[in-house]
Number of protein chains: 2
Amino acid sequence: MTRPFANALELLRAARLRPTRQRLALARLLFEKGDRHVAAEELHGEALAAQVPVSLATVYNTLHQFVGAGLLREVVINPGRSYFDTNVSDHHHFFYEDSGKLRDIPGDSIAVTNVPPPPDGGSIRRVDVVVRVEKAASKARS
Amino acid sequence: MTRPFANALELLRAARLRPTRQRLALARLLFEKGDRHVAAEELHGEALAAQVPVSLATVYNTLHQFVGAGLLREVVINPGRSYFDTNVSDHHHFFYEDSGKLRDIPGDSIAVTNVPPPPDGGSIRRVDVVVRVEKAASKARS
DNA sequence: AAAACAGATTATAATAGTTCTAGACTATTG
DNA sequence: CAATAGTCTAGAACTATTATAATCTGTTTT
């Protein structure tokens, strides 16, 4: 956290992606603010606001390259919009239906058990849990 | 299952939707073949193939009305395409990444435990589990 | 360090899925 | 059977995303 530029550079090197101006800037926007869930247009807006000249097409390209390199995870919850999650460790999500926001649930706080083997063959690559939350008095201890 | 038309009619009545030609036909296509996962365009194609004149706009309207009435459930897994699930009981899904197909997992065969309360308030409306399956020798007992 | 090359970036066009619109149609009601 | 409230339709519009083809930039070679 003391040498952010170096971190982004290492990240790209490890992913075997050329450290271009745009990729470095996007990497910094993505990974220097802790865990985030961003949509492509959102990130594009942030980049422009940060005086980084980058096209939307490049933002998409870069996000997909990062996903391919295991630096990001794509989260699909809403039809018509993908979110990219900077947390690639095993975890799940709360989805707030009214605001459209996501929030991580640590992987070890939820347990999914008794998943049967896929009936049509193949192997399990990942188990995604989405907890849909609706606005309502939380009504905790009933 | 002996009087399909009557079933579709009852369904629409219960949902307080006028039993129009189009809605009846779509209801029959959806609910007379057991549990299914259909996309809008798919259903539209089936309707046309079955000589039911219906526009794509009406298919979308109807699907959403059915979701609103609790007859269908919308499942979002792929960016850019929604599936509508005729099984509205508590259950989860296998998603076959290569074919894009969905398959139900009975709700009682999976257990999700220790879900923490939503940190930002609100109440849990539903917990969706998607088991992503990739094509590969299942390689069971390792 | 210049030249050459591979790869990246860009603006723009194209695409896919979905939603909107305004007018025509139809099931219900009196 | 006329009125009306709700439904259907073709087509346009919209949103997010992907493709294209030309230009540019980082790296490698000389």
Side-chain angles (χ1 to χ4, degrees), chain A residues 5 8-29 37-48 50-69 71-72 74-84 100 102, chain B residues 5 8-29 37-48 50-69 71-72 74-84 100 102:
Chain A
F5 185 86
L9 225 176
E10 281 165 34
L11 224 62
L12 292 178
R13 286 247 173 76
R16 310 191 138 273
L17 293 167
R18 254 193 219 176
T20 63
R21 206 177 299 290
Q22 289 80 353
R23 290 212 269 240
L24 280 167
L26 294 176
R28 268 180 270 149
L29 285 171
H37 305 96
V38 269
E41 305 251 15
E42 222 172 310
L43 182 61
H44 184 227
E46 287 182 21
L48 296 186
Q51 311 278 16
V52 179
V54 61
S55 72
L56 186 54
T58 296
V59 171
Y60 275 105
N61 288 340
T62 304
L63 286 171
H64 288 144
Q65 288 154 353
F66 284 8
V67 169
L71 301 176
L72 286 178
E74 189 170 0
V75 182
V76 180
I77 286 186
N78 265 339
R81 173 162 302 190
S82 279
Y83 289 90
F84 295 86
L102 285 171
Chain B
F5 186 87
L9 225 177
E10 280 165 35
L11 224 60
L12 293 178
R13 286 247 173 75
R16 310 190 141 273
L17 293 168
R18 253 191 219 177
T20 64
R21 207 176 301 289
Q22 289 80 354
R23 289 211 270 240
L24 280 167
L26 293 176
R28 269 180 269 149
L29 286 171
H37 306 95
V38 270
E41 306 249 16
E42 223 173 310
L43 183 61
H44 184 227
E46 288 181 20
L48 296 187
Q51 312 278 15
V52 179
V54 62
S55 72
L56 187 54
T58 296
V59 171
Y60 275 104
N61 287 341
T62 304
L63 286 171
H64 289 143
Q65 288 154 354
F66 285 8
V67 169
L71 301 175
L72 286 178
E74 190 169 359
V75 182
V76 180
I77 288 186
N78 266 338
R81 174 164 302 191
S82 279
Y83 288 91
F84 294 85
L102 285 172

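Lettering follows sequence order; numbering is per chain, from 1. Excluded from the calculations below are hydrogen atoms, water molecules and symmetry mates; all remaining heavy atoms, backbone and side chain alike, are included.
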Give the rounded distance in Å between these two atoms: [atom1] of [X] and [atom2] of [N].
X: B:Gln22; N: D:dT7; atom1: CD; atom2: C1'; value: 8 Å
X: A:Leu12; N: C:dG7; atom1: CG; atom2: C1'; value: 14 Å
X: B:Leu63; N: C:dT19; atom1: CG; atom2: P; value: 10 Å
X: B:Tyr60; N: D:dC8; atom1: OH; atom2: C1'; value: 17 Å
X: B:Leu17; N: C:dA27; atom1: CG; atom2: P; value: 15 Å
X: B:Leu24; N: C:dT28; atom1: CG; atom2: C1'; value: 15 Å
X: B:Glu41; N: C:dA16; atom1: CD; atom2: P; value: 9 Å

| Phosphate-side-chain proximity, A:Gln65 and C:dA8, N/O vs OP1/OP2 below 4.0 Å | no
| message | Check this one for me: any side-chain N or O of B:His64 less than 4.0 Å away from OP1 or OP2 of C:dT19? | response | yes
Counting heavy atoms from C-beta on, name the nucleotide in [options] closest to the side chain of [X].
X: B:Thr58; options: D:dT9, C:dT10, C:dT28; result: D:dT9
X: B:Ala57; options: D:dC8, D:dG26, D:dG11; result: D:dG11
X: B:Pro19; options: C:dT28, C:dA11, C:dC20; result: C:dT28
X: B:Arg18; options: D:dG6, D:dC8, D:dG26; result: D:dG6
X: A:Arg23; options: C:dT10, C:dT9, D:dT7; result: C:dT9
X: A:Arg21; options: D:dG26, D:dT17, C:dA8; result: D:dG26

| query | Quick one: does B:Glu42's side chain get under 4.5 Å of B:Phe84's, heavy atoms only? | reply | no
| query | Any side-chain heavy-atom pair from B:Leu17 and B:Phe66 closer than 4.5 angstrom? | reply | yes
| B:Leu56 or A:Thr62: which one's nearest nucleotide on DNA chain C is closer to the 5' end? | A:Thr62
| said: Considering every strand and a 4.0 Å limit on heavy-atom distances, what is the contact class for A:His44: base, sugar-phosphate, or nothing? | reply: nothing
| query | Is A:Pro79 touching bases, backbone alone, or none of the nucleic acid, heavy atoms closer than 4.0 Å? | reply | nothing
| request: Can you run down the side-chain hydrogen bond (donor to acceptor under 3.5 Å, both in side chains) pairs that involve residues 18-27 of chain B, sequence neighbours left out, and say none if there aren't any? | output: B:Arg23-B:Gln65
| request: Scan for side-chain hydrogen bond (donor to acceptor under 3.5 Å, both in side chains) pairs involving residues 50-60 of chain A, sequence neighbours excluded, and state none if there are none. | output: A:Ser55-A:Thr58
| For the side chain of B:His44 and the backbone of B:Val54, is there at least one donor-acceptor N/O pair under 3.5 Å apart? | yes
